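Just so we're on the same page: letters track the sequence lines, and every chain starts at 1. These numbers were taken from a predicted model, which means no experiment stands behind them.
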Number of protein chains: 2
Amino acid sequence: MRADAQRNRSRLLAAAEEVFAAKGIGAPVDEVARAAGVGIGTLFRHFATKEALLEAVYVARLQRLTDQVSSLSGAQDPAAVLTGFFADAVRSSGTKMALAAALAEAGIAVDAANASYGSALRQELGALLTRAQQAGGIRGDIAVGEFISLLAGTSQAVSGHDDATRDRILNVVLDGLRAGDTR
Amino acid sequence: MRADAQRNRSRLLAAAEEVFAAKGIGAPVDEVARAAGVGIGTLFRHFATKEALLEAVYVARLQRLTDQVSSLSGAQDPAAVLTGFFADAVRSSGTKMALAAALAEAGIAVDAANASYGSALRQELGALLTRAQQAGGIRGDIAVGEFISLLAGTSQAVSGHDDATRDRILNVVLDGLRAGDTR
DNA sequence: AACTATACGGAGTGTTCACTCCGCTTGTCG
DNA sequence: CGACAAGCGGAGTGAACACTCCGTATAGTT
């Protein structure tokens with residue numbers, strides 16, 4: 001792959017993430033191309049369809065989340081680490097108009113990505129969750145799937161609120177995650 | 001207003017709620033007209049734009065929620081009533097692919113409706129919430145806005161899950177709403 | 001420097017969709 | 001029943017948008 005091609009590809013990904021986060025996934029692809037400073041033709045050579053672009057954005061986000069969780073997995077206080085991760089993820093997605101939720105709503109594009117890349121995240125998170133539950137501090141009656149859905153739902157719940165309100169909402173869910181478990 | 005016109009109007013509203021709930025608000029209006037058994041012309045005579053139709057659907061939902069809360073406002077155990085309402089609302093919206101969330105994402109259409117009709121719901125709910133907080137059983141550090149956002153977020157979180165999973169997710173949030181308050 | 005595979009830009013194309021227009025139908029009222 | 005306003009249906013219109021195509025430009029190689 002030529003150097004300029006690689007540069008354009010990552011520019012497109014970054015621009016897409018920004019544009020879709022700001023205006024929702026309904027935003028026209030021309031805008032992404034313009035934001036990236038490339039022509040539309042270039043966009044479509046790198047990502048054959050809009051859906052492929054969305055998927056790439058989604059995968060990139062999964063990748064980052066997975067890395068983040070991986071780097072945390074050895075901690076000595078898994079419950080605190082897990083809730084900390086939850087809070088971080090919610091706070092950072094709040095800025096971005098619930099991009100993950102919007103992507104998830106898109107449906108099809110996400111399934112393929114979930115199967116291949118999501119499973120890694122799922123596995124990492126699942127391990128951390130189990131350890132947190134065993135160590136105490138996180139309720140035992142939920143699985144990874146519920147945890148992830150809660151993460152997405154909470155991200156949506158906090159979007160559009162100021163920092164203080166966002167933290168109040170977040171605390172409700174975090175307390176719920178700890179509930180029924182006497183630390 | 002002629003009898004048939006009124007009939008068509010309510011058919012359109014019902015069809016719109018169903019179609020948009022099933023396929024998201026991106027569904028073409030033709031489909032709504034077809035589902036209602038009327039022509040497109042008729043749809044647009046009753047609702048000047050698609051946005052107006054969405055707003056009408058949203059208002060109808062707000063209306064129903066408001067009535068529901070009103071009928072509950074005199075209860076002797078406000079905390080239980082409030083959590084019961086929360087659970088009901090989440091469960092019923094779960095079937096409908098988070099219609100409220102999708103509508104909220106549409107933005108503009110919702111603002112006007114919120115101002116006029118949402119305030120009634122907000123007021124009713126706010127009263128109930130305050131009473132529940134005073135009676136004990138609901139944490140004192142949240143306001144109506146947070147409660148409503150949590151409702152919407154939780155609705156999204158449970159969508160696509162089976163009943164048992166849905167209830168586990170719901171319980172996390174409900175426990176969170178009770179947390180920090182020794183009943 | 002010359003060459004060529006690789007990549008680029010953006011006008012053009014087909015399709016989807018919200019919305020309009022008008023000839024026809026039907027409810028309503030004297 | 002007859003008249004006519006109110007309402008209906010759906011072909012037609014324009015705009016937005018995803019995606020294609022090809023002449024031009026440029027990175028990498030010899």
Side-chain angles (χ1 to χ4, degrees), chain A residues 1-58 99 102-103 105-113, chain B residues 1-59 99 102-103 105-110 112-113:
Chain A
M1 176 132 70
R2 249 167 58 175
D4 55 344
Q6 201 143 15
R7 195 173 55 240
N8 281 333
R9 193 176 196 284
S10 46
R11 272 188 194 165
L12 277 166
L13 261 183
E17 179 151 9
E18 196 164 337
V19 169
F20 291 139
K23 307 206 169 183
I25 60 174
V29 288
D30 318 34
E31 203 163 328
V32 173
R34 216 174 316 126
V38 305
I40 321 160
T42 302
L43 188 153
F44 278 102
R45 197 164 329 96
H46 285 289
F47 307 96
T49 63
K50 183 181 184 176
E51 197 170 298
L53 176 60
L54 286 170
E55 186 176 326
V57 170
Y58 185 65
L99 176 62
L103 286 170
E105 202 195 300
I108 298 173
V110 163
D111 286 349
Chain B
M1 175 134 67
R2 250 167 58 173
D4 56 343
Q6 202 144 15
R7 197 173 53 240
N8 281 333
R9 193 176 195 284
S10 44
R11 273 188 196 165
L12 278 166
L13 261 183
E17 179 151 10
E18 197 164 335
V19 169
F20 291 140
K23 307 205 169 186
I25 60 174
V29 289
D30 319 33
E31 202 162 328
V32 173
R34 216 175 314 125
V38 304
I40 322 160
T42 302
L43 188 154
F44 278 103
R45 199 164 328 94
H46 285 290
F47 306 96
T49 64
K50 182 180 185 178
E51 196 170 299
L53 176 60
L54 286 169
E55 186 175 328
V57 170
Y58 185 65
V59 166
L99 176 62
L103 285 171
E105 202 195 300
I108 297 174
V110 163

- Residues that B:Ser10 engages under side chain to side chain contact (heavy atoms under 4.5 Å, CB included), provided they are two or more places apart: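 For B:Ser10, no residue satisfies side chain to side chain contact (heavy atoms under 4.5 Å, CB included) once neighbours in sequence are set aside.
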- Could you tell me the separation between the CD atom of A:Glu18 and the NZ atom of A:Lys23, rounded to the nearest 0.5 Å?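 Reported to 0.5 Å precision, the distance equals 11.0 Å.
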- Output the distance between atom CZ (B:Arg45) and atom OG1 (B:Thr42), rounded to the nearest 0.5 Å.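 Rounded to the nearest 0.5 Å, the CZ-OG1 separation comes out at 5.0 Å.
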- Item | Dot-bracket encoding of pairs in DNA chain D, which uses [ ] for pseudoknotted crossings and | for another strand, Watson-Crick or G-U under 3.5 angstrom | ||||||||||||||||||||||||||||||
- Query: Atom CD of B:Gln6 to atom C1' of D:dC8: distance rounded to whole Å?
  - Reply: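 Rounding to the nearest Å, CD of B:Gln6 and C1' of D:dC8 are 16 Å apart.
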- Task: In whole angstrom, give the distance that lies between atom NZ of A:Lys50 and atom P of D:dC19.
- Result: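 Going from A:Lys50 (NZ) to D:dC19 (P), I get 8 Å.
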- Query: Between B:Asn8 and D:dG7, does any side-chain N or O lie under 4.0 Å from OP1 or OP2?
  - Reply: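 Checking B:Asn8 against D:dG7: no side-chain N or O falls below 4.0 Å of OP1 or OP2.
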Could you report the tightest heavy-atom contact between [X] and [Y], atom names first, then the distance?
X       : Y       : answer
A:Ala56 : A:Phe47 : CB-CE2, 3.6 Å
B:Met1  : B:Gln6  : CG-N, 4.0 Å
A:Leu12 : A:Leu43 : CD1-CA, 3.7 Å

- From CA spacing to verdict: side-chain contact (heavy atoms from CB on, under 4.5 Å), A:Glu17, A:Leu13: CA-CA 6 Å; A:Glu17 179 151 9; A:Leu13 261 183; over 6 Å; no
- Outermost nucleotides of DNA chain C that come under 4.0 Å of a non-hydrogen atom of chain B: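 On DNA chain C, the outermost contacted nucleotides are C:dA18 to C:dT28.
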- Message: Just to be sure I understand the geometry, which residues of residues 42-49 of chain B put a non-hydrogen atom under 4.0 Å away from DNA chain D?
- Response: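 DNA chain D contact set from residues 42-49 of chain B: B:Thr42, B:Arg45, B:His46.
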- When B:Lys50 is tested against each of B:Val29, B:Ile25, B:Val32 for side-chain contact (heavy atoms from CB on, under 4.5 Å), which residue passes?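 That would be B:Val29.
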- Whether each nucleotide of nucleotides 23-30 of chain D has a protein heavy atom under 4.0 Å at its base (B), only at its sugar-phosphate (S) or at neither (-) is summarised, 5' to 3', as ---BSS--
- Those residues of residues 28-41 of chain A lying under 4.0 Å from DNA chain C by at least one heavy atom: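 Residues of residues 28-41 of chain A under 4.0 Å from DNA chain C: A:Gly37, A:Val38, A:Gly39, A:Ile40, A:Gly41.
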